[in-house]
Visitor: 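I am attaching a structure below and will ask some questions about it afterwards.
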2 protein chains.
Amino acid sequence: MRELHHPTRDSISLPQVLHALSDPIRLCIAAQLDCRGDLPCGTFCETAAKSTMSHHFKVLRLAGVITQRNEGTSCFNTLRRDDLEARFPGLLDAILRAAEEL
Amino acid sequence: MRELHHPTRDSISLPQVLHALSDPIRLCIAAQLDCRGDLPCGTFCETAAKSTMSHHFKVLRLAGVITQRNEGTSCFNTLRRDDLEARFPGLLDAILRAAEEL
DNA sequence: TTCATTGTTCGATAACAATCGAACAATGAA
DNA sequence: TTCATTGTTCGATTGTTATCGAACAATGAA
């Protein structure tokens with residue numbers, strides 16, 4: 001299985017993070033990871049195709065919002081809280097809090 | 001001159017706000033309005049065409065990030081701080097603070 | 001080995017977004 | 001009235017994004 005690329009903390013870009021979280025599906029993924037902890041990709045597929053979800057996870061990963069690690073046949077996702085907090089203090093919390101109001 | 005539409009405070013949508021601010025030019029516009037106060041559209045045109053800038057201001061307005069008012073031949077822009085703070089507490093500040101680091 | 005599970009990748013399509021120049025509209029000054 | 005200033009709108013182009021289904025890959029269980 002191929003290595004998954006993750007941006008370093010310092011190379012996380014604000015516009016890219018905002019763009020990643022400006023999609024309702026991806027915002028929902030981040031919110032779920034926030035309140036329920038690490039989860040495999042399959043947990044989220046409601047109505048969208050698997051390939052669609054895979055795409056959204058990739059966007060979040062490349063933007064530096066989540067890390068992904070393969071475990072068996074699953075792919076676990078983790079919010080990069082510490083990295084985001086260090087790079088953009090208060091940003092993730094503000095967005096997740098705002099996302100609750102939906 | 002046509003009436004400019006502005007969304008009500010309650011109808012401001014988080015994904016739309018994040019999308020509006022995920023563009024570097026629009027993020028820069030918001031940052032300038034934040035630190036320099038209300039400014040006419042013309043203040044910002046660096047390299048982009050007038051029509052391009054006009055488009056970006058419209059995106060910010062329709063997302064609820066700014067208000068626009070015509071004064072003479074100019075169009076003044078104002079950050080909707082209070083509305084954004086009421087709807088999404090801490091969000092705008094966090095984004096603007098993060099944007100300084102560029 | 002065979003099969004089910006879980007994701008990823010690929011190719012296609014359709015929708016959306018950024019950009020530009022040209023034409024237009026509104027204002028205010030000469 | 002005429003002109004310069006300031007923006008907006010329109011149409012076109014180019015590029016990006018979201019979405020799907022089909023094919024593929026990796027793992028682990030039977």
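In what follows, chains carry the letters A, B, and so on, assigned in the order in which the sequence lines appear, proteins first and then strands, with residues in each chain numbered from 1. For the numbers below, each heavy atom of this structure counts, side chains included, while hydrogens, waters and symmetry mates do not. Computed from a predicted model, the values in this text were never measured in an experiment.
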Visitor: Would you kindly give the CZ-to-P distance between A:Phe44 and D:dT19, to the nearest whole Å?
Guide: 16 Å
Visitor: Whole Å only: how far is the CE atom of A:Met53 from the P atom of C:dT9?
Guide: 16 Å
Visitor: Across nucleotides 18-23 of chain C, 5' to 3', mark each nucleotide with B, S or - according to how protein heavy atoms within less than 4.0 Å reach it.
Guide: SBBBB-
Visitor: Can you give the dot-bracket line for DNA chain C, where a pair is Watson-Crick or G-U wobble with both atom distances under 3.5 Å, crossing pairs use [ ], and | marks a partner on another strand?
Guide: ||||||||||||||||||||||||||||||
Visitor: Ignoring hydrogens and angles, write down the donor-acceptor pairs under 3.5 Å from the side chains of residues 77-86 of chain B, residues two or more places apart or on other chains.
Guide:
from, atom 1, to, atom 2, distance (Å)
B:Asn77, OD1, B:Gln68, NE2, 2.9
B:Asn77, ND2, B:Leu39, O, 3.0
B:Asn77, ND2, B:Cys75, O, 3.3
B:Thr78, OG1, B:Asp38, OD2, 2.9
B:Thr78, OG1, B:Arg69, NH1, 3.2
B:Arg80, NE, B:Asp83, OD2, 3.0
B:Arg80, NH1, B:Pro7, O, 2.8
B:Arg80, NH2, B:Pro7, O, 3.0
B:Arg80, NH2, B:Asp83, OD2, 3.0
B:Arg81, NH1, B:Asp34, OD1, 2.6
B:Arg81, NH2, B:Asp34, O, 3.4
B:Asp83, OD1, B:Arg9, NE, 2.7
B:Asp83, OD1, B:Arg9, NH2, 3.0
B:Glu85, OE1, B:Gly90, N, 3.2
B:Glu85, OE2, B:Gly90, N, 3.4

Visitor: Checking A:Thr8 now: which residues fulfil side-chain hydrogen bond (donor to acceptor under 3.5 Å, both in side chains) with it, not counting sequence neighbours?
Guide: A:Ser11
Visitor: Could you measure the distance from the CG atom of B:Leu60 to the CD1 atom of B:Ile66? Nearest 0.5 Å is fine.
Guide: 5.0 Å
Visitor: Any pair with a residue in residues 21-52 of chain A that passes ring pair (Phe, Tyr, Trp, His ring centres under 6.0 Å), sequence neighbours left out, goes on the list, sorted by first then second residue, please.
Guide: A:Phe44-A:Phe57
Visitor: Tell me the interatomic distance from A:Leu62, atom CG, to D:dT16, atom P, rounded to whole angstroms.
Guide: 15 Å
Visitor: Using atom CG of B:Asn70 as one end and atom C1' of D:dT5 as the other, report the distance to the nearest whole Å.
Guide: 14 Å
Visitor: Got a sec, which residues hit ring pair (Phe, Tyr, Trp, His ring centres under 6.0 Å) with B:Phe76, two or more places apart in sequence or on another chain?
Guide: none
Visitor: Using whole Å, what does the distance between atom P of nucleotide C:dG7 and atom CG of A:Leu39 come to?
Guide: 11 Å
Visitor: When you check the phosphate oxygens OP1 and OP2 of C:dT8, does a side-chain N or O of A:Ser54 lie under 4.0 Å from one of them?
Guide: yes
Visitor: Rounded to whole Å, please give me the gap between CD in B:Glu71 and P in D:dG7.
Guide: 11 Å
Visitor: Provide, to the nearest angstrom, the distance between the CD atom belonging to A:Gln68 and the P atom belonging to D:dA26.
Guide: 17 Å
Visitor: Applying salt bridge (Lys or Arg N to Asp or Glu O under 4.0 Å), which residue pairs with at least one partner in residues 51-66 of chain A are found, sequence neighbours left out?
Guide: none
Visitor: How many angstroms lie between atom CG of B:Leu21 and atom CG of A:Leu21, to the nearest 0.5 angstrom?
Guide: 12.5 Å
Visitor: Determine yes or no for a side-chain-to-main-chain donor-acceptor pair under 3.5 angstrom, with B:His5 supplying the side chain and B:Glu3 the backbone.
Guide: no
Visitor: Given atom CG of A:Leu60 and atom P of C:dG7, what is their separation to the nearest angstrom?
Guide: 15 Å
Visitor: What's the closest nucleotide to the B:Ser74 side chain, out of D:dT8, D:dT6, C:dG7?
Guide: D:dT6
Visitor: Please list all pairs meeting side-chain hydrogen bond (donor to acceptor under 3.5 Å, both in side chains) that have one or both residues in residues 12-27 of chain B, counting only residues at least two apart or in different chains.
Guide: B:Arg26-B:His56
